[in-house]
Amino acid sequence: MEQKTKLKTRLKEGEKVQGADIVCECLLRHGVRTIFGYPGGANIPIYDALYKYPELHHILVRHEQGAAHAAEGYAWANGIPGICFATSGPGATNLVTGLADAMLDSVPLVCITGQVPSPLLGTDAFQETDVLGVTLAVTKHNYLVTKAEDIAPSLYEAFYLASHGRPGPVLVDITKDAQTAYAEFHIPLPKKHLEGRVRLQATPKEVEKIVSMLNSAVRPLIIAGHGMLLSGDGKTLLQIAEKQDIPVTLTQLGLSTIPSTHRLFMGMPGMHGNVAANRAPNEADVILAVGMRFHDRVTGNVAKYAQQAKIIHIDIDPSELGKNVKPTLGVVGDAKMVLEQILPKLSKRRNPQWLKRFHQWKREETEKVYKKELHAPHLKSAQVIAEISRQTKNKATIVADVGQNQMYAARYYTFNDYNTHITSGGLGTMGFALPAGMGVKSADSNREVWIVIGDGGIQMTIQELATIVQEKLEVKIALLNNNFLGMVRQWQELFYKGNYSEVKLKNPNFQKLCDGFGIPSLKAKTFKETREAISKARKKRGPFLVEFVVEAEENVFPMIPAGAGIADMIVSPKDK
């Protein structure tokens with residue numbers, strides 16, 4: 001994790017200072033050490049105050065969307081809210097995609113934006129935007145602060161809301177006059193109206209019901225999602241699975257909760273998930289779903305999903321229970337705490353026949369998919385990811401972008417260390433991985449970080465290569481280049497009669513671009529070159545980009561067609 005310097009506060013209780021100083025002092029007192037941002041006219045007083053706070057390391061991104069995604073990566077790696085700054089108008093609106101991404105994936109952020117002076121609000125002043133109205137749907141909460149004395153209470157509440165209950169982004173919009181006005185600094189009193197509103201544990205009756213259902217199950221199945229990872233504990237989940245021989249599947253955002261090599265790990269469910277993980281829900285008699293939301297990419301057609309199973313759904317957000325799939329038993333609570341409640345009450349059992357079924361499914365996928373992908377004569381994305389996994393000994397942190405590259409990263413990297421898979425799940429934001437990867441590395445310099453990204457995605461946030469260089473961040477970038485928008489092209493090939501409409505990319509020379517940014521790079525077209533390039537990238541200090549020229553029209557399998565049920569999964573092209 002990031003090294004934290006000893007807290008050295010600047011302000012005394014009751015001291016009269018400018019609002020901008022209060023902003024920096026609040027951040028310092030909340031343990032903030034890194035901020036991602038971009039200055040402008042409406043937040044320049046905060047940047048002036050920041051000059052007096054050397055403990056607060058500011059990373060100057062090249063686009064505000066990059067600030068939000070970098071803050072997401074930082075929060076994901078560190079487990080504390082990521083912080084970003086932006087000015088008013090376009091600066092604030094450029095954060096919106098990152099806010100929406102964090103909202104859907106439950107990532108804690110505190111975003112502080114400057115706003116035009118309060119007398120100008122509502123006048124269509126230069127760079128004025130109704131930031132509260134714009135961000136209302138993509139934040140847990142947002143604030144408009146027009147008085148300096150309201151800055152500290154709003155920020156303290158923002159940090160609480162961002163990290164308590166289901167995490168998420170909170171935005172604090174501060175007018176320029178509030179930043180420059182003077183007010184007494186006071187540490188806000190605890191927000192009594194907020195405390196105790198989040199239910200963390202199951203009731204004794206709910207615990208008994210869960211235990212009874214699992215103890216009597218013949219074909220139990222665990223599906224764990226990002227909420228399990230956010231709880232900070234994969235060990236309890238694994239103890240429950242091992243105690244009763246329950247196969248475990250992890251959603252895309254839940255990957256790396258338990259080791260991929262564990263005997264009970266059965267893969268990732270979903271549109272491009274594993275055969276065993278997708279077939280099991282329709283054969284299980286009891287499903288323990290923890291910290292996952294039955295996303296449409298996991299369930300396929302909900303009407304065809306696990307109709308025979310009794311479902312136990314545990315989630316800290318009560319709005320998720322029954323929203324997509326109606327559970328037999330819905331329990332509001334923290335994933336780790338509820339599992340700790342039920343663990344000692346479970347009977348010890350073995351289930352060889354049920355596990356045998358999973359091994360049959362795994363063998364089928366190995367024969368139909370894995371062997372063909374990993375031993376193809378031309379370079380495939382699967383080979384690249386598997387080789388990165390081998391050379392890093394399954395211990396790197398993979399920050400994956402969106403598209404085919406994302407699915408290859410999830411399917412072919414072996415995640416043996418906790419919390420080492422980071423991606424944009426709910427929103428599916430192309431361009432996420434480059435800034436998010438630099439956020440991860442900023443949070444934890446000891447991690448080996450590999451950014452896996454496609455040729456389409458990298459061009460959406462490519463300007464952040466300059467930030468990576470300026471900050472001397474040692475991230476490695478695996479650019480999977482097929483000269484297509486690969487995922488859309490795959491759908492067009494399979495379901496739209498091969499009409500490749502606006503998916504062919506005329507790409508730049510990525511090596512020359514890297515030269516311009518000052519980043520060393522290599523290009524690999526064969527598997528031999530791939531092995532050598534990965535090795536060289538890992539040995540080189542600082543950032544490094546490897547462009548892997550993969551098969552242009554490769555497809556990710558298995559896949560579930562849109563609108564189909566999980567039973568309609570296409571395992572390989574021959575099954576279509």
Side-chain angles (χ1 to χ4, degrees), residues 1-2 4 23 26-37 56 59 64-86 95-113 135-143 154-173 191 194-195 197-198 200 225-233 253-254 256-257 291 293 315-317 319-320 334-337 397 399 418-419 421-427 429 432 435-436 438-440 442-444:
M1 294 293 180
E2 182 183 52
K4 295 183 179 179
V23 171
C26 289
L27 295 178
L28 190 67
R29 288 173 181 252
H30 276 92
V32 173
R33 295 294 178 270
T34 302
I35 300 160
F36 304 90
L56 299 174
I59 293 178
E64 291 87 354
Q65 181 181 344
H69 292 324
E72 283 186 90
Y74 183 93
W76 204 314
N78 240 358
I80 60 176
I83 312 298
C84 57
F85 287 174
L95 291 176
V96 170
T97 298
L99 292 171
D101 195 275
M103 187 70 176
L104 283 171
D105 287 350
S106 305
V107 181
L109 301 183
V110 174
C111 303
I112 300 171
T113 53
T135 63
L136 182 65
V138 293
T139 54
K140 279 188 75 175
H141 197 62
N142 56 19
Y143 300 81
S154 298
L155 284 174
Y156 269 69
E157 193 167 295
F159 272 91
Y160 184 93
L161 290 173
S163 54
H164 281 71
R166 180 177 183 172
V170 179
L171 182 137
V172 183
D173 193 36
K191 300 290 182 180
L194 295 175
E195 294 176 0
R197 297 185 66 177
V198 179
L200 299 176
H226 194 201
M228 192 69 241
L229 197 66
L230 287 170
S231 75
D233 179 35
L253 292 185
S256 74
T257 300
R293 54 198 178 95
D315 202 284
I316 202 165
D317 184 354
S319 70
E320 290 296 344
D334 175 81
K336 177 182 178 180
M337 290 187 179
T397 294
V399 185
Y418 189 77
N419 193 25
H421 174 259
I422 296 167
T423 193
S424 170
L427 196 63
T429 306
F432 165 87
M438 69 187 192
V440 172
S442 299
D444 189 352

Do [X] and [Y] have side chains that get closer than 4.5 Å, going by heavy atoms?
X: Asp101; Y: His69; result: yes
X: Leu155; Y: Ile112; result: yes
X: Val107; Y: Pro167; result: no
X: Leu99; Y: Cys111; result: yes
X: Leu28; Y: Arg33; result: yes
X: Thr97; Y: Leu427; result: yes
X: Leu109; Y: Val170; result: no
X: Tyr74; Y: Thr34; result: yes

* Can you list the steps and then say if Thr423 with His421 is a side-chain contact (heavy atoms from CB on, under 4.5 Å)? -> CA-CA 7 Å; Thr423 193; His421 174 259; 3.6 Å; yes
From [X] [atom1] over to [Y] [atom2], what is the distance, rounded to the nearest 0.5 angstrom?
X: Leu104; Y: Ser106; atom1: CG; atom2: OG; result: 8.5 Å
X: Asp173; Y: Thr113; atom1: CG; atom2: OG1; result: 3.5 Å
X: Met228; Y: Leu253; atom1: CE; atom2: CG; result: 14.5 Å
X: Ser442; Y: Ile59; atom1: OG; atom2: CD1; result: 3.5 Å
X: Glu157; Y: His141; atom1: CD; atom2: NE2; result: 6.0 Å
X: Tyr143; Y: Thr135; atom1: OH; atom2: OG1; result: 12.0 Å

Nearest heavy atoms of [X] and [Y], plus distance in Å:
X: Ala75; Y: Pro108; value: CB-O, 3.4 Å
X: Pro81; Y: Ser163; value: CG-CB, 4.2 Å
X: Ala70; Y: Phe36; value: CB-CD2, 3.5 Å
X: Tyr418; Y: Gly232; value: OH-C, 3.2 Å

If you measure only the distance, is there a donor-acceptor pair under 3.5 Å linking the side chains of [X] and [Y]?
X: Asp233; Y: Ser231; value: no
X: Ser256; Y: Asn419; value: no
X: Trp76; Y: Asp105; value: no

* Would you check if the side chain of Asp315 reaches a backbone N or O of Asp317 as a donor-acceptor pair within less than 3.5 Å? =>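 Confirmed, Asp315 side chain pairs with Asp317 backbone.
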* Does Lys140 reach the main-chain N or O of Leu161 with its side chain, forming a donor-acceptor pair under 3.5 Å? ->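 Between the backbone of Leu161 and the side chain of Lys140 there is a qualifying donor-acceptor contact (under 3.5 Å).
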side-chain hydrogen bond (donor to acceptor under 3.5 Å, both in side chains) involving [X] - partner list, sequence neighbours excluded:
X: Thr257; result: none
X: Thr139; result: none
X: Glu64; result: Asn94

* Asked: So Tyr160 and His164, would you call those rings parallel, tilted or perpendicular, with 30° and 60° as cut-offs?
  -> parallel
* Would Val172 and Asn142 count as a side-chain contact (heavy atoms from CB on, under 4.5 Å) if you check the C-alpha gap in whole Å, the side-chain angles of each, and the deciding distance to 0.1 Å? -> CA-CA 6 Å; Val172 183; Asn142 56 19; over 6 Å; no
* Asked: Mind checking whether Tyr156 and His30 have ring centres under 6.0 Å apart?
  -> yes
